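Step one of this worksheet: look at the structure below.
Keep in mind that this is a model prediction, so the values were computed, not measured. So you know, we letter chains A, B, ... as the sequences are listed, proteins then strands, and number each from 1.
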2 protein chains.
Amino acid sequence: MTAAKHDVFQAIADPTRREVLRLLADKELPISEITSHFPISRTAVAKHLHILSEAKLVRGEKVGREKIYQLQPETLIEVKQWLSYYERFWDNKLSILKHVVENDDENGFTMIKDDCE
Amino acid sequence: MTAAKHDVFQAIADPTRREVLRLLADKELPISEITSHFPISRTAVAKHLHILSEAKLVRGEKVGREKIYQLQPETLIEVKQWLSYYERFWDNKLSILKHVVENDDENGFTMIKDDCE
DNA sequence: ATAAAATGAAACCATATAGTTTTATTTATT
DNA sequence: AATAAATAAAACTATATGGTTTCATTTTAT
């Protein structure tokens, strides 16, 4: 197959699309419901869904008059594989922790120590 | 800190920039050398490096008349963290293997089974 | 002291991106 | 049968992106 116009990396580059993926991770949803979570038009959301669809991150099925989208999470494995090349640089967990702490307020994560039994 | 114009996800969206990261993973290089690996102008490469720099994926240091760029791999941890949210969908290795096999010729990877002792 | 090397910076260009509004089509509902 | 709901498709817009060429600056070399 020839490479599609949008690949996974481009697809996840947009913050709105990443939010859409998060939504669909919880459950499959029709376009209108997805739209209700964003301040943009339904048409704009539909376009994002097309891009996600091209990248195979999401799959849409027409049911009655609505089109229901669901996450296709396996595709993200491509990203994981790409990342794995760089894991050698931080396969020691300390470097990860260091980075996370240093960027605590930037990344929108609240960090909780994993093994605080 | 306010979000920079380019974040990690946008930075890695471009194939050329991903190749640049690969190059720098091996060793730090000056702009001109990086350029020699691509069919585009030095100026274009410099721009890519600026974007990677904004995203903190690389760091450039001026040494004499050249500017030497090196990889800043910790930043990729942000991507790993983002991905981890979806790991629950394929934390069973079979689904990963399934995906990899099905897309063998598309992703340019040769897969070797990990634990084939 | 000049010339060459390496980069920086500016101006420009074509296309892509992310959004809009408008119009049409399909499918329920009443 | 008529209306409302959900989406599809098209046309348009502003800005971003990825590239170019040209000119200036800084730093070796000869």
Specify the separation, in whole Å, of atom [atom1] of [X] and atom [atom2] of [N].
X: A:H48; N: D:dT7; atom1: NE2; atom2: C1'; answer: 17 Å
X: A:L29; N: D:dT7; atom1: CG; atom2: P; answer: 11 Å
X: A:Y69; N: D:dT7; atom1: OH; atom2: P; answer: 9 Å
X: B:K47; N: D:dA16; atom1: NZ; atom2: P; answer: 14 Å
X: B:H50; N: D:dG19; atom1: NE2; atom2: P; answer: 15 Å

Note to self: Taking transitive links into account, so neighbours of neighbours count too, which hydrophobic residues share a cluster with B:I51 at under 4.5 Å side-chain distance?
What the structure shows: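 Members other than B:I51 - counting any ILVMFWY side chain reachable under 4.5 Å - there are none.
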Notebook entry, point to check: Apart from A:I68 itself, what residues make up its hydrophobic cluster when side-chain heavy atoms of I, L, V, M, F, W and Y under 4.5 Å apart count as a link, directly or indirectly?
Noted result: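 Grouped by the 4.5 Å side-chain rule, A:V63 form the rest of the cluster around A:I68.
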Next item on the list: At the 4.0 Å heavy-atom cut-off to chain A, mark where contacts on DNA chain C begin and end, going 5' to 3'.
Entry: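 Extent of the interface on DNA chain C: C:dT17 to C:dA28.
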Next item on the list: For the pair B:D7 and A:R18, evaluate salt bridge (charged side-chain N to carboxylate O under 4.0 Å, His left out) and give the outcome as yes or no after the intermediate values.
Entry: CA-CA 13 Å; B:D7 72 338; A:R18 289 199 300 277; 3.5 Å; yes
Would you indicate whether the side-chain heavy atoms of [Y] and [X] approach each other to under 4.5 Å?
X: A:P73; Y: B:W90; value: yes
X: A:K80; Y: B:E87; value: yes
X: A:E78; Y: A:V8; value: yes

Next item on the list: Heavy atoms only: give me the nearest B:T35-B:I40 pair and the separation to one decimal.
Entry: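 Taking B:T35 first and B:I40 second, the nearest heavy atoms are CG2-O, 3.7 Å.
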Next item on the list: Search all heavy atoms of B:L24 against all heavy atoms of B:L29 and return the closest pair with its distance.
Entry: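 Shortest heavy-atom separation between B:L24 and B:L29 comes out as CD2-N, 3.8 Å.
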Check: Hey, is B:K56 close enough to B:E74 for a salt bridge, meaning N to O under 4.0 Å?
Finding: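 No, B:K56 and B:E74 are not salt-bridged.
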Notebook entry, point to check: Which residue pairs pass the ring pair (Phe, Tyr, Trp, His ring centres under 6.0 Å) test with at least one member in residues 7-56 of chain A, sequence neighbours excluded?
Noted result: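 The answer is A:F9-A:W82.
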Notebook entry, point to check: side chain to side chain contact (heavy atoms under 4.5 Å, CB included) with A:S41: which residues, sequence neighbours excluded?
Noted result: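 Listed in chain order: A:T43, A:A44.
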Note to self: My understanding is that only residues two or more places apart in sequence, or in another chain, count here; which of them pass side chain to side chain contact (heavy atoms under 4.5 Å, CB included) with A:A25?
What the structure shows: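 For A:A25 the side chain to side chain contact (heavy atoms under 4.5 Å, CB included) partners, ignoring immediate neighbours, are A:L71, B:Y85, B:Y86, B:R88, B:F89.
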Taking N or O atoms only and anything under 3.5 Å, show me the protein contacts with nucleotides 4-6 of chain D, one pair per line.
{"unit_1": "D:dA5", "atom_1": "O4'", "unit_2": "A:R65", "atom_2": "NH1", "d": "3.0"}

Item checked: Sub-4.0 Å heavy-atom contacts from residues 33-41 of chain A onto DNA chain D, ordered by number ->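 DNA chain D contact set from residues 33-41 of chain A: none.
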Check: Among all residues two or more places apart in sequence or in another chain, which pass the salt bridge (Lys or Arg N to Asp or Glu O under 4.0 Å) test with B:R65?
Finding: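 None.
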Next item on the list: Return the nearest nucleotide to the side chain of A:K62; candidates are D:dA8, D:dG19, D:dG18.
Entry: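 Closest nucleotide among those given: D:dA8.
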Notebook entry, point to check: Given axes from five pairs at either end, by how many degrees does the helix from C:dA1-D:dT30 to C:dT30-D:dA1 bend, rounded to 10°?
Noted result: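 Rounded value for the end-axis angle: 10°.
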